[in-house]
Student: 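Below are the structure tokens for one structure; questions will follow.
When reading the values below, keep in mind they use all heavy atoms of this one structure, side chains included, and skip hydrogens, waters and symmetry mates. A, B, ... follow the sequence lines: proteins, then strands. Residue 1 opens every chain.
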Amino acid sequence: MQNREIAEVFEKIADLLQIKGEAIYRVLAYRRAGESIRALSQRVVQIAEESRLQDIPGVGAAIAAKIDELLSTGKMEFFEILTAEVPETLPDLLRVEGLGPKKVARLWKELGITSIEELETAAKAGKLQKLDGMGSRSEAKILASLEALGKRQYNRHLLDVVQPVAAQLLERLRKIDGAVEAEVAGSLRRYKETIGDLDLVVASDANELVMDEFVQFPEIGRIGGKGPTKTSVELVDGLRVQLWVQSPERFGSTLQYATGSQAHNVKLRELALSKGLSLSEHGFKTDEGDEILCSKETDVYKTLGIGWIPPAMREARGEIEAALEDRLPKLVTVKDLRGELHAHSNWSDGHASIEEMALAARKLGITYLVITDHSRSLGVAGGLSIERLWEQKAEIEQVQEKLGNNIRILHGSEVEILADGSLDYPDEVLEQLDVVFASLHSSLRQPKEKITTRFLSAVENPHVDFIGHLSGRLLGKRDPADLDVDVILNAAAEHGVGLEINSHTDRLDLNDIHARRAVELGVKLAITSDAHRTEHFDLRSFGVGIARRAWVTPESIVNTLPRSKFLKWLKSRN
DNA sequence: GCCGTTTTCGGCCCGACTGTTTTCAGTCG
């Protein structure tokens, strides 16, 4: 059983208990346990085998027993009793904006509504406004939320889609009279792999004016709520945006608050309390009622006596403890990347020539570039026959001669791991390539043992240098393959094979949790653009974002090595 | 239900906005 599946059970229990009206802190305990399991880098199955379940934060005796029961029997009596009492589909209603557990419970008990469809029918029939405490406005709002919910295909958006929207909105906000500063916050600032809402913060003493102008922006489709300090809207394309406006002297605390994550903020506020301070977006309040204002975000952390925590780390995964012990890692940045190890050209499915790719890379300060076109069996992507592969080598040598020593172009391949676990080129071909990435693009739905074994045979091949986009997931489109990540990472560590963090925003693969696990196990990583166009080199910032979320330092990333050291590293492998 | 450099019991972050209320509960982040 996957961690995600176990986490979902506990998150559902939390929803059901809350609808049932259970004590809130019991509900929160289940929710926290679910979130905590979701964020684990190790498999719960393994932790259970080692009888260490209660080491998981938020898991005590009661929840540990329920995990054990779930793992050994595939069922949980507590969950079954609960769903016999409260319909299992009710939590779906919580996704409707404006509906929380209390209202969902009333809809169920008083109108017998248990699904989104039934809610829509009842709302259209005007039945909701007849409930006590609900009026026609509430009903209209629910109908509008239902419509928005249906329009959104996916609830979450890819990073490279949201980032330009954010940049454009910020530019417009900065132009408003009285706007001193405008910054992006929320999950985009934390480089979470997908974005639910876009959060923006403006420093201004003219709150009302900024808000009035903001809701007039042409891309805004629907206003969800509007106040002097907080406004939420939905853009015509379905992206939800929240804007906070605070005076400049409170900008730092507001930016910190709006950046989250919520779990990080809760822990930070607990830390504040332990020091006799109350923390909110307005800043600190002492027990005597005096205020400590933070115009800069660093002031928030400084006041608590800890170092500034990079946004990517703010997920309540031990970063506050690390800050308290003064052992925050120095995270990798885009500037640290000296080489690009995974790029395609028009020899396979890329859109630019080798020379164009090399020139674009050189412009970005990249000093070594590995061209890794697809191998022969990947017909849809124009995979290279062995003959074509050698013709390509000749072109690389020509381009190298033409461009000189500012950039070194290496000949690699993204070699398909075939369905039987063998590689798409024979060993005598692989050994002549500078760099070999082994990736999997087909037969991703094989059973776990089979897929894991395929990766293991690739890792054990002495010519393989890196494994590309391990899980094969495409965010919003294709689930990750079912594989035993720990087994593969352990094998990679043993054979000195690197794992890729692929920067394409629909891949981001390894994800942050697996990347962190990889580093724990001593696996080297590569942050790659998997560029198919010259513009794709810019995607590296997203791969770096994932690495930072995984607490990765430059030392763990192979392509931070200066060129000479990288070449030496390659040689040592061959 | 979890947790403990004040605690094994009594806490558990904090504030904005909305709708339907005549002073606040519910929702959200």
Student: So which one's nearest nucleotide on DNA chain B is more toward 5', A:His282 or A:Gln242?
Tutor: A:His282

Student: Please measure how far the C1' atom in B:dG19 lies from the corresponding atom in B:dT6, and state the result in whole Å.
Tutor: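 Their C1' atoms lie roughly 43 Å apart.
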
Student: Going by heavy atoms in the side chains, are A:Glu11 and A:Arg38 under 4.5 Å from each other?
Tutor: yes

Student: Indicate, with a heavy-atom threshold strictly under 4.0 Å, whether A:Val104 touches base, sugar-phosphate, or nothing.
Tutor: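 Nothing, no nucleic acid heavy atom in range.
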
Student: Could you work out the separation of B:dT18 and B:dT23 based on their C1' atoms and round it to a whole Å?
Tutor: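 Going atom to atom, C1' in each nucleotide, I get 15 Å.
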
Student: Applying a 4.0 Å non-hydrogen cut-off, can you work out what A:Gln262 is touching in the nucleic acid: base, sugar-phosphate, or nothing?
Tutor: base

Student: Do A:Arg172 and A:Phe217 meet the cation-pi criteria used here (NZ or CZ under 6.0 Å from the six-membered ring centre, within 45° of the axis)?
Tutor: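 Verdict for A:Phe217: a cation-pi partner in A:Arg172.
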
Student: Looking at every strand, decide which applies to A:Ile24 at a 4.0 Å heavy-atom threshold: base, sugar-phosphate, or nothing.
Tutor: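 If one applies the 4.0 Å heavy-atom cut-off, A:Ile24 turns out to touch nothing in the nucleic acid.
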
Student: For nucleotides B:dT20 and B:dG15, find the distance between their P atoms and express it as a whole number of Å.
Tutor: 27 Å

Student: Now, which nucleotide makes the Watson-Crick or G-U wobble pair with B:dA16, with each of the two distances under 3.5 Å?
Tutor: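 Result: B:dT27.
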
Student: Roughly how many Å apart are B:dG1 and B:dT8, using the C1' atom of each and rounding to a whole number?
Tutor: 14 Å

Student: Within the 4.0 Å heavy-atom criterion, would you say A:Leu273 contacts the bases, only the backbone, or no part of the nucleic acid?
Tutor: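 Since only primed, P, OP1 and OP2 atoms lie under 4.0 Å of A:Leu273, the category is sugar-phosphate.
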
Student: Report yes if at least one side-chain N or O of A:Arg269 is closer than 4.0 Å to OP1 or OP2 of B:dC13; otherwise report no.
Tutor: no

Student: To the nearest Å, how far apart are A:Lys230 NZ and B:dT27 C1'?
Tutor: 9 Å

Student: Look at the side-chain N and O atoms of A:Lys141 and state whether any lies under 4.0 Å from the OP1 or OP2 oxygen of B:dT20.
Tutor: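 Looking at the OP1 and OP2 atoms of B:dT20, neither is under 4.0 Å from any side-chain N or O of A:Lys141.
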
Student: State plainly whether the residues A:Glu97 and A:Arg222 are in salt-bridge range, i.e. N to O under 4.0 Å.
Tutor: yes

Student: In whole angstrom, give the distance that lies between atom CD of A:Glu97 and atom P of B:dG19.
Tutor: 12 Å

Student: Considering only heavy atoms from C-beta outward, does the side chain of A:Arg516 approach that of A:Arg317 to under 4.5 Å?
Tutor: yes

Student: For A:Ser278, which contact category applies under a 4.0 Å heavy-atom criterion: base, sugar-phosphate, or nothing?
Tutor: sugar-phosphate

Student: With nearest nucleotide decided by heavy atoms, which residue, A:Phe78 or A:Asp132, maps closer to the 5′ end of DNA chain B?
Tutor: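 First, find each residue's nearest nucleotide; the 5'-ward one identifies A:Phe78.
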
Student: Atom NZ of A:Lys102 to atom C1' of B:dC24: distance rounded to whole Å?
Tutor: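 Taking atom C1' of B:dC24 as the reference, NZ of A:Lys102 is at 13 Å.
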
Student: For A:Tyr25 and B:dC12, is the gap between ring centres under 5.5 Å while the planes differ by less than 30°?
Tutor: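 It does: the two rings, one from A:Tyr25 and one from B:dC12, meet the stacking criterion.
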
Student: Which residue pairs pass the salt bridge (charged side-chain N to carboxylate O under 4.0 Å, His left out) test with at least one member in residues 68-87 of chain A, sequence neighbours excluded?
Tutor: A:Lys20-A:Glu85

Student: What interatomic distance, in whole Å, is found between C1' of B:dA16 and the corresponding atom of B:dG11?
Tutor: 25 Å

Student: Using the C1' atom in both, what is the distance from B:dC3 to B:dC17, to the nearest Å?
Tutor: 33 Å

Student: Does a nitrogen or oxygen in the side chain of A:Tyr30 sit under 4.0 Å from OP1 or OP2 of B:dG1?
Tutor: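 True: A:Tyr30 side-chain N/O within range (under 4.0 Å) of B:dG1 OP1/OP2.
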
Student: How close or far is atom P of B:dG19 from atom CD of A:Gln129, stated in whole angstroms?
Tutor: 14 Å

Student: Whole angstroms only, please: what is the CH2-P distance between A:Trp244 and B:dC17?
Tutor: 11 Å

Student: Using a strict heavy-atom distance below 4.0 Å, which residues from residues 48-63 of chain A are in contact with DNA chain B?
Tutor: A:Pro57, A:Gly58, A:Val59, A:Gly60, A:Ala61, A:Ala62, A:Ile63

Student: Assign A:Leu268 to base, sugar-phosphate, or nothing according to its heavy-atom contacts below 4.0 angstrom with the strands shown.
Tutor: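 Here A:Leu268 touches no strand at all.
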
Student: Using OP1 and OP2 only, check whether a side-chain N or O of A:Arg32 sits under 4.0 Å from B:dC2.
Tutor: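 A:Arg32 to B:dC2 OP1/OP2: no side-chain N or O under 4.0 Å.
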
Student: Quick one about A:Asp92 and A:Thr89 (side-chain donor to acceptor, distance below 3.5 Å, no hydrogens or angles considered), yes or no?
Tutor: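 Not at all, the side chains of A:Thr89 and A:Asp92 share no donor-acceptor pair under 3.5 Å.
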
Student: Can you check the distance between B:dC2 and B:dT7, where both ends of the measurement are the C1' atom (answer in whole Å)?
Tutor: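 After rounding to an integer number of Å, I get 14 Å for this pair.
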
Student: For A:Thr229 and B:dC17, is the shortest distance between a side-chain N/O and OP1 or OP2 below 4.0 Å?
Tutor: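 Indeed, a polar side-chain atom of A:Thr229 lies that close.
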
Student: Respond yes when some side-chain nitrogen or oxygen of A:His264 is under 4.0 Å from OP1 or OP2 of B:dC13, and no when none is.
Tutor: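 Indeed not, no polar side-chain atom of A:His264 lies that close.
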
Student: Rounded to whole Å, please give me the gap between CZ in A:Arg106 and P in B:dA25.
Tutor: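 Answer to the nearest Å: 14 Å.
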
Student: Flag the pair A:Phe78 / A:Tyr30 as yes when their ring centroid distance falls below 6.0 Å, and as no otherwise.
Tutor: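 So the answer is yes for these two rings.
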
Student: What interatomic distance, in whole Å, is found between P of B:dT21 and the corresponding atom of B:dG26?
Tutor: 14 Å

Student: Side chains of A:Leu131 and A:Arg106: does their closest heavy-atom pair fall under 4.5 Å?
Tutor: yes

Student: Rounded to the Å, how far apart are A:Arg26 CZ and B:dC12 P?
Tutor: 20 Å

Student: Is the phosphate of B:dT20, meaning OP1 or OP2, less than 4.0 Å from a side-chain N or O of A:Ser138?
Tutor: yes

Student: Which of the following nucleotides, B:dC2, B:dT27, B:dA16, is nearest to the side chain of A:Pro101?
Tutor: B:dT27

Student: Using only atom types and a distance under 3.5 Å, with no angle test, would you say the side chain of A:Ser274 pairs donor to acceptor with the backbone of A:Leu271?
Tutor: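 Pair found, side chain donor or acceptor close to backbone of A:Leu271.
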
Student: Tell me: CD1 of A:Ile19 to P of B:dG26, nearest whole Å?
Tutor: 14 Å

Student: Look at the side chain of A:Asn490 and the backbone N and O of A:Asp486, then say whether any donor-acceptor pair between them is shorter than 3.5 Å.
Tutor: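 Answer holds: yes.
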
